[in-house]
Amino acid sequence: MILQNVVLPTQKDEKTQKLYYRVSGGRGKVSIGGTMVFAGRRRVVFDTYMNCFSVAKWYRYAGLREISLEVALRGTFLLKLIHVYRKKDGTIVRDEQAAVRAESGEKKTFSLACSFAQAPRCGILAFSAENLGEEGELYAAAYTSAQPPRRPVKIGIGICTYRREEYIKANVARLKKAFLENESSPLFENLQVFISDNAGTLAAKDVCARGVHLFRNKNTGGSGGFTRTMIEVNAANDAGAGFTHILLMDDDVAFETESIYRTYSMLRMLREEYRNRFVGGAMFRIERPWLQYASGERWRKADGLWEYETFNLDRDMRKLFHVLDNEQPVPGNYQGWWYCAVPMTVCRKDNLSLPLFIKVDDIEYSMRNKAEIILLNGVNVWHESFETKYSSANEYYSVRNYLIAATLLRDGIREEDAAKYVRRNFVRYLYNYKYDEAELTLLAVKDFLRGPEFLRETDFEKKNKEIMAKNRKMIPAEEFPVKFDKQLYERCMAAPVRRARLKKLFALVTLNGLLLPSRKIVSFSPWGAWSYTQTFRAEYFVAYEPTTKKGFVLRRSLRRFLRCIFMFFRTARLFRKQYGRVSALWKEQYRELIDEESWLKIL
């Protein structure tokens, strides 16, 4: 069985080449175009993010002990199978496991074998191909095992989309070519795509084909769209389809189809004790495609509050030591739904997503189901950076859904800690002049205090329109109403946070300088400054996002500040009065919100 294929790019890209292969030795040339063509002596090494083979993970999760590498080529090559790992002192070791001189005047497949019994069960397997002749061609390569698969696997890809037509059409075309219309693929009969179109803007003729299903859905957010695909995959199973997993994927991503194949092959080979694990994909930044944003995430408690922790953050995955670091296990406990394969034994009709619209739904689902995540190098998506998509309206969902999810967790959250979380967000919005966000925070608290009945009675489309009315539009920097240059942004972002007690006291007494004349303009990211000292006595706050060169400008307002403070104290009084009763209601009734019958009333 092929465990994973070596990915050869269809075209050469200097920025991402080292995600796939590295070139060294000799003075020959290597050209890429679906195959790898050599002119003159040249060596190519595949110890890379997309093409390494995880020793420890395949051994642990699948129990594999014998691996073969099969390489199809023409010409004269020296092939080496190499075990690469790091010692405790950080030294990188390269142990040669096998070597063969491969020579053929026509396309021929050569094999090299490795036994895990003879090598430390850590690090990666990789191979190198050195052209020894005048010219040669490497057609394909794959890691295989003689061990038979343990179980059948059939995947339904669930995609929730809202006005992302070009992404969807491109990704469906990619899946059709690789699997859905490719009879030689093992996934030909074992993969289908279920698309929930929350905007109703996709034309069936543009996406529907063999194995691709399109469903018009109300705009019920990500949780509603993904749940629609869960319901449809379950309905297909009721009709005898036999899906074993649903792979939840965002609509604004790009990916190598090999990621899906590797997910499929790992699921087929999982040992019995791991069969209900989730398989997750790393997120890379589409603007800087070599940069990994996250591979493993955790929601953990710190000082009474639930906080996000991202592992393997912002790593340049062209570097070998990052590839090796990525192999280390991380204590992640949730997987974002940009790429998350969930067993259908978990994704049942009585165990769907909470109707949270957007934000925290994937975290709550993983935590509720005590998810354990398998992560593999080479299983990933390229996603638009969150930093470039700031939405003031999203702050409402973040606060409301945080309170709901934190309340439902086994460890829960104490009233004083929940109040601290709200207060921290509210105050930060105030000193960043984000008065709309401050008011949305308080609205989020009030809606949380309405209990589970709020989610039952709410018209999600109507509610979202009300929230989006407060959304702030990002405009090009040249259209800002105040004079701005990038140097101001860089200077402010580099400014140290001052923590002197007298300054804190002075800021408190003067309402962070609102009672004093203004004396400056400040500029930070749309997400805001981290300390009130950075915005003290500023007349304008210029929010600037350097990737898109867009942002918005906020002006301080004593009237809005005092209005927010008045609203805060009213909401805090309500919070103290109702939190205990409402949090108990959430715990008692949330299961009534996650079954198919309840969801069909929403969808």
Side-chain angles (χ1 to χ4, degrees), residues 2 4-53 68-84 92 94-112 114 124-144 174 177-178 254-259 261-262 284 288-292 316-324 377-378 380 382:
I2 294 177
Q4 69 178 55
N5 296 285
V6 170
V7 183
L8 299 179
T10 56
Q11 58 186 12
K12 192 167 183 177
D13 184 344
E14 297 294 338
K15 292 180 180 179
T16 59
Q17 173 190 305
K18 291 181 181 179
L19 288 178
Y20 297 86
Y21 64 94
R22 310 178 205 279
V23 180
S24 64
R27 297 183 179 180
K29 294 182 179 180
V30 176
S31 57
I32 288 290
T35 65
M36 188 170 278
V37 179
F38 293 74
R41 188 152 186 162
R42 204 67 163 148
R43 180 172 180 261
V44 176
V45 186
F46 294 91
D47 57 352
T48 57
Y49 175 80
M50 291 303 303
N51 285 320
C52 68
F53 184 88
S68 292
L69 170 72
E70 297 187 356
V71 185
L73 53 79
R74 175 186 58 79
T76 304
F77 286 84
L78 177 61
L79 300 177
K80 292 183 179 180
L81 185 59
I82 310 162
H83 182 208
V84 186
I92 295 178
R94 294 173 177 272
D95 282 342
E96 184 179 309
Q97 298 295 307
V100 65
R101 180 186 173 95
E103 188 170 0
S104 176
E106 57 186 25
K107 182 178 179 181
K108 184 178 178 181
T109 298
F110 295 84
S111 296
L112 296 90
C114 173
I124 61 173
L125 281 181
F127 81 97
S128 65
E130 183 178 1
N131 181 41
L132 303 178
E134 292 298 317
E135 57 90 28
E137 188 168 6
L138 194 156
Y139 297 95
Y143 290 95
T144 67
R174 191 175 293 121
K177 181 179 179 181
F255 54 85
E256 292 281 2
T257 54
E258 175 63 17
S259 290
Y261 180 82
R262 292 178 188 181
F284 280 55
R288 290 184 287 171
W290 62 88
L291 196 67
Q292 179 178 266
D316 183 343
M317 296 309 295
R318 296 172 297 187
K319 300 181 184 300
L320 176 58
F321 64 88
H322 282 327
V323 173
L324 294 172
N377 277 329
N380 70 306
W382 284 270

[X] with [Y]: basic N within carboxylate O range, under 4.0 Å:
X    : Y    : answer
R288 : D316 : no
E130 : R41  : yes
E106 : R74  : no

With no hydrogens and no angle check, do the side chains of E256 and Y20 hold a donor and an acceptor under 3.5 Å apart?
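Yes.
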
Looking only at the side chains, is there a donor atom on one of E70 and T109 sitting less than 3.5 Å from an acceptor on the other?
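No.
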
Is the distance between the ring centroids of Y49 and F284 under 6.0 Å?
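Distance test on ring centres: under 6.0 Å, yes.
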
From CA spacing to verdict: side chain to side chain contact (heavy atoms under 4.5 Å, CB included), Q292, N380:
CA-CA 9 Å; Q292 179 178 266; N380 70 306; over 6 Å; no

Counting N and O atoms only, with roles assigned by atom type, does the side chain of T257 sit under 3.5 Å from a partner on the main chain of R174, one being a donor and the other an acceptor?
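Judged by distance alone, no pair lies under 3.5 Å.
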
Just by distance, do the side chain of N377 and the backbone of V323 share a donor-acceptor pair under 3.5 Å?
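Pair found, side chain donor or acceptor close to backbone of V323.
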
Can you list everything that forms a ring-ring contact (aromatic ring centres under 6.0 Å, His included) with Y21? Sequence neighbours excluded, please.
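Scan of Y21 (ring-ring contact (aromatic ring centres under 6.0 Å, His included), adjacent residues dropped) gives none.
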
Let me check something: any side-chain donor-acceptor pairs from residues 5-14 under 3.5 Å, sequence neighbours excluded? List them with distances.
from, atom 1, to, atom 2, distance (Å)
N5, ND2, E258, OE1, 3.1
D13, OD1, K15, N, 3.0

Could you tell me the separation between the CD1 atom of I92 and the CG atom of L320, rounded to the nearest 0.5 Å?
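Separation between the atoms: 4.5 Å.
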
